[in-house]
Amino acid sequence: MYTLGIDIGSTSSKAVVLEDGERIIARALYSLGTGTSGASRVIDDLFENAGLSWEDIAYCIATGYGRQRFEQADEEISELSCHALGMNYLIPGVRTIIDIGGQDVKVLSLNEQGTLEKFVMNEKCAAGTGRFLDVMAGVLETSTDELGILDAQSIEPVKISSTCTVFAESEVISHLAEGDSIPDIVAGIHNSCAQRTAGLARRLGVTEPVGMSGGVARNTGVVHAREREIGAPIAVPGDCQFAGAIGAALKACQKAKSNPC
Ligand code: ADP
């Protein structure tokens with residue numbers, strides 16, 4: 001039995017097909033999010049990769065910011081429960097999840113049974129989000145996926161004290177004008193983001209094991225800065241950006257089993 005989970009985020013659309021709620025048989029990602037053609041394109045790619053069509057799908061659940069606009073789904077559910085389910089599949093027994101997507105930062109706390117117990121979210125401000133890092137990468141004339149490599153070359157990270165994206169951008173420009181190296185500026189940006197997330201995590205309490213999900217988890221500089229701030233190792237699964245879609249596909253499997261056709 002195949003179930004489909006789609007996570008339509010603020011900046012990208014991710015989709016996964018699970019076989020019998022156990023094995024991922026196809027995944028696709030399109031860097032366009034809610035309100036765009038991202039969702040339909042990601043489904044086209046997914047079906048093409050897997051050689052499947054809608055007729056093969058027993059149940060589909062949509063999650064993420066744009067979930068209500070995806071009409072092909074049998075159901076839509078919040079990304080918080082999907083992230084908890086998906087991360088528990090990727091890192092069994094995970095107790096704290098730091099999720100950083102394009103537009104928000106969330107910290108989730110799971111109990112020993114893998115159930116979501118509490119969460120905190122920073123959704124009103126871009127600081128520390130993927131969007132913030134995308135803007136900073138633009139100012140530094142690099143790409144977001146180079147940031148981790150640049151961070152690893154830093155010798156003496158600069159201090160970025162503004163948390164507001166606009167002010168932080170002016171600070172970055174001043175550091176460039178002063179001749180600071182790009183790696184030191186990148187590491188300074190990552191440290192300033194990590195301090196904010198650590199504040200959120202401390203409000204919730206950090207229990208190990210800790211895992212990180214979302215596209216920003218692919219940036220090793222961000223991950224290491226957060227490990228230093230919270231004082232605990234952070235596991236990053238290869239499918240970190242697919243956690244929400246995997247959770248939706250797992251939930252879809254539970255639904256399909258309880259409502260067989
Ligand atoms: P959303 O669900 O809100 O659309 P995602 O979890 O898909 O967000 O993450 C999108 C963000 O991930 C982008 O804004 C970008 O900053 C970041 N990102 C994506 N790929 C990479 C990468 N290879 N390296 C670093 N950051 C990345």
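Every heavy atom of this structure was used, including side-chain atoms; hydrogens, water molecules and symmetry mates were not. Order of listing sets the numbers, starting from 1, for every ligand and every atom in it.
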If you have a sec, work out which protein heavy atom is nearest atom 7 (O) of ligand 1 and how many Å separate them, to one decimal? Ser12 OG, 2.6 Å
Can you pull out the closest protein heavy atom to atom 8 (O) of ligand 1? Residue, atom name and distance to 0.1 Å, please. Gly102 N, 3.0 Å
So, do Thr96 and Val107 sit near enough that their side-chain heavy atoms are less than 4.5 Å apart? yes
Per-atom contacts, ligand 1 versus Gly130 - under 4.0 Å to a heavy atom: 14 (O), 16 (O)
Any Glu79 heavy atom less than 4.0 Å from ligand 1: no
Atom 14 (O) of ligand 1 [closest protein heavy-atom partner, distance rounded to 0.1 Å]: Asp134 OD2, 2.8 Å
Say whether Gly215, considering both its backbone and side-chain N or O atoms, lies within less than 3.5 Å of an N or O atom on ligand 1. yes
Interfacing atoms of ligand 1 (cut-off 4.0 Å, heavy-atom, Gly101): 3 (O), 5 (P), 6 (O), 8 (O), 9 (O)
Are more than 12 heavy atoms from other residues, nucleotides or ligands located less than 6.0 Å from atom CD of Glu48? no
Say whether, by atom type as modelled, one donor and one acceptor occur between the side chain of Glu229 and the main chain of Thr197 under 3.5 angstrom. no
Side-chain donor-acceptor contact under 3.5 Å, Ser12 with Lys14: yes
Measuring only between side-chain heavy atoms, which start at C-beta, is Ile189 closer than 4.5 Å to Leu133? yes
Name the orientation class of the two ring planes belonging to Trp54 and Phe70 (parallel below 30°, tilted from 30 to 60°, perpendicular beyond 60°). tilted
Is there a donor-acceptor pair under 3.5 Å between the side chain of Lys106 and the backbone N or O of Phe119? no
For atom 10 (C) of ligand 1, find the nearest protein heavy atom and state the residue, atom name and distance (0.1 Å precision). Thr11 OG1, 3.4 Å
Quick one: does any side-chain atom of Arg95 pair with a main-chain N or O of Leu110 as donor and acceptor, under 3.5 Å? yes
Test your reading of the model: is there a side-chain donor-acceptor pair from Tyr89 to the backbone of Ala243, 3.5 Å cut-off? no
Say whether Leu133 and ligand 1 are in contact under the criterion: heavy-atom distance to a ligand atom below 4.0 Å. no
Just jot down the ligand 1 atoms closer than 4.0 angstrom to any heavy atom of Gly9, in number order. 1 (P), 2 (O), 4 (O)
Students should be able to answer this: which protein heavy-atom is nearest to atom 23 (N) of ligand 1, and at what distance? Asp145 CB, 3.4 Å
Ligand 1 contact by Thr144, heavy-atom criterion under 4.0 angstrom: yes
With rounding to the nearest 0.5 Å, note down the distance linking CG in Asp99 to CG in Leu108. 7.0 Å
Identify the closest protein heavy atom to atom 20 (N) of ligand 1: which residue and atom is it, and at what distance? Arg218 NH1, 3.4 Å
I want to know if ligand 1 touches Lys14 in the polar sense, i.e. an N/O pair below 3.5 angstrom. yes
For Gly214, the ligand 1 atoms whose distance to one of its heavy atoms is below 4.0 Å: 6 (O)
